[in-house]
Amino acid sequence: MAHPARIAYRAWTQPFGRRSVSTPYSFAHGAYARDVRATFDHLEAGEESGSSVSVAGRVMLLRTQGRVAFATMRDSTGEVQLFAQSAASEDFEGFTHLHLGDWVGVTGEVVRTRRGELSVKVGSWTRLAEARRNFGDKWAGIADYDVRYRHREADLWANERTRTSLALRSAVLRALRERCWAGGFMEVETPMLNPIATGAAARPFVTHHNALDSEFYLRIAPELWLKRLVVGGFERVFELGRVFRNEGVSPRHNPEFTSLELYSAYWDYEDMMAFTEELVAGVVRDVLGTTTLTYQGRALSMAPPWPRRPMAELASEAVGEAVSVHTPRERLAALLEERGVVAPPAWGPGRCLAELFECAAESALWEPVFVTDHPVEVSPLARRHRGDAELTERFESYVAGWELSNGFSELNDPVEQRVRFEQQAALGAAGDDEAMSVDENYLAALEWGLPPTAGLGVGVDRLAMIVADESNIREVIAFPTLKPWRDEVGGSEGAGGA
RNA sequence: GCGCCGGUAGCUCAAUUGGCAGAGCAUUUGACUCUUAAUCAACAGGUUCCGGGUUCAAGUCCCGGCCGGCGCACCA
């Protein structure tokens, strides 16, 4: 496409006829379109209410017909028609020269036209801002993904679907917070700038602080900080915020994404699973009014309880023979190889089992399910399973074929945590750039005593995708990460851009 | 990072085998006193993403680059 900043460049350079350029500093806004519609819904066609309102919004459509004109105005609540007449409206001529996309403030009587459309009859009006770029085709909107994602402000006006999806995301955030608060969790904030990247298996972004002359990593998870707050006595905490992972971009992955992490002292993973299914299903119900929905054309019920299925059990069903973390590594590796995956020597049976689950069983999961009891090898922060020392008390919820949440009984033994960290560090030394390093400050915290605690992480963007029935994560992120055009990059000379 | 597909007027999209680059909407102008994507008429609007190449002739074919969508890989 052409450079996205050039949208409507031609229109911008065209003369603007007899339009004034001065606009007011404020407007005495009195009513929203939705309220006007609700309050005056009773008016009959041709009836005048005798009541005056002041509305403001954007001109979406304009129909002039001789000495009358009709505009469709939209504000944040909906649309209402503006009805101007040469005999009764101030500066009628100017009104007919409004552009689609201009912001206007209008004061006038609420009437219903002879043809039955509820309208504000324009008495006085002001152009609050002019649109010097157009908002795309008034029927087709803006279709170009590049423009839609880079100029979401235009996309929001042009495309109803965008407004709906981003508003649903906002409703999800609100419902999550309210349910966390209702559950007795306090919202906290922990550092995004971290001296080491830890709490998850992921590659970090690196940055530099000038005054401290230190390297920092953008956080890949707030997990360890939050557990330190539990050590400190905040028994139930949550953080809803951005994390950053320097990895591939896909329809389900944005480099920065929003996670909800929460921790409750005295809970184990069974307690947390119960909380999770109620939280997620409750949010869906809060936002959509039901837990029975359609995702990408397929029925999806979010209603709890969700089945609990051990990972080994699901893997066994998928491969057609009994496998577990105790199955000889050679056998697991052979099963992986049948599926086109070559297990590196560093993978023990636990990692092999997890990979086998992922390539054989994961994508077939549709309705919500808790996959439980992950191998210790792939769960360095989770507490050992009380029934099998090679497993952990961990769960991941899967919905629509991908992971939505992850949680576990937290490992709170500082001695064992050090061993786990050291195993991770060894993997890192062997070339695994997603392995964790030893976090001495976190180990010190555990030495002060972390009570039995369960933790949870939820992929909020993915939850929003399900609620909004979107298949691409970018549709629920206002400004998704995109590759910058060359002339947007700071410090470059901008040659060769567009 | 790899593969496939795409980028044409401000927007949405056409353009046959390589043969004069078009339409609708928007903008500008005119007509019209109840429209609903109003309608009718007229004018104007182009670096066909960028840079090379082949050809009498390139939006179209070839090479390189930029950006995006989808798939794979990685991951949540």
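Because the structure is a prediction, the values reported are computed rather than measured. A note on names: the letters A, B, ... follow the listed sequences, proteins ahead of strands, and every chain is numbered from 1.
For A:Tyr442, the ring-ring contact (aromatic ring centres under 6.0 Å, His included) test picks out no residue, with sequence neighbours left out. In this structure, the side chain to side chain contact (heavy atoms under 4.5 Å, CB included) partners of A:Thr164, at least two apart in sequence or on a different chain, are A:Glu160, A:Leu168. In terms of the ring-ring contact (aromatic ring centres under 6.0 Å, His included) criterion, A:Phe421 has no residue partners (sequence neighbours excluded). In this structure, the ring-ring contact (aromatic ring centres under 6.0 Å, His included) partners of A:Phe185, at least two apart in sequence or on a different chain, are A:Trp267, A:Phe275. Here A:Ser409 pairs with A:Glu393 under the side chain to side chain donor-acceptor pair (under 3.5 Å) rule; sequence neighbours left out.
The interatomic distance linking A:Glu355 (CD) with B:C74 (P) rounds to 8 Å, in whole Å. In this structure, A:Trp157 places its CH2 atom 19 Å from P of B:A37, rounding to the nearest Å.
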Which atoms of nucleotides 31-33 of chain B (N or O only) lie under 3.5 Å from a protein N or O atom, and what are those distances?
| from | atom 1 | to | atom 2 | distance (Å) |
| --- | --- | --- | --- | --- |
| B:C32 | N3 | A:Gly66 | N | 3.0 |

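Under the 4.5 Å side-chain criterion, counting only non-hydrogen atoms from C-beta, A:Val55 is in contact with A:Met73.
Taking atom P on both B:C11 and B:U48, the two are 15 Å apart, rounded to the nearest angstrom.
Picking from B:C11, B:C67, B:C13 the nucleotide with the shortest atom distance to the side chain of A:Ala143 gives B:C13. For A:Glu434, counting side-chain heavy atoms from C-beta on, the closest listed nucleotide (B:A76, B:C74, B:A38) is B:C74.
An aromatic stacking contact between A:Tyr145 and the base of B:G68 is absent, as defined here by ring centres under 5.5 Å apart and ring planes under 30° from parallel. In this structure, A:Phe70 does not pack face-to-face on the six-membered ring of B:A38, missing the 5.5 Å centre cutoff or the 30° plane limit.
Under the Watson-Crick or G-U wobble criterion, with both distances below 3.5 Å, B:U8 has no partner in any strand shown.
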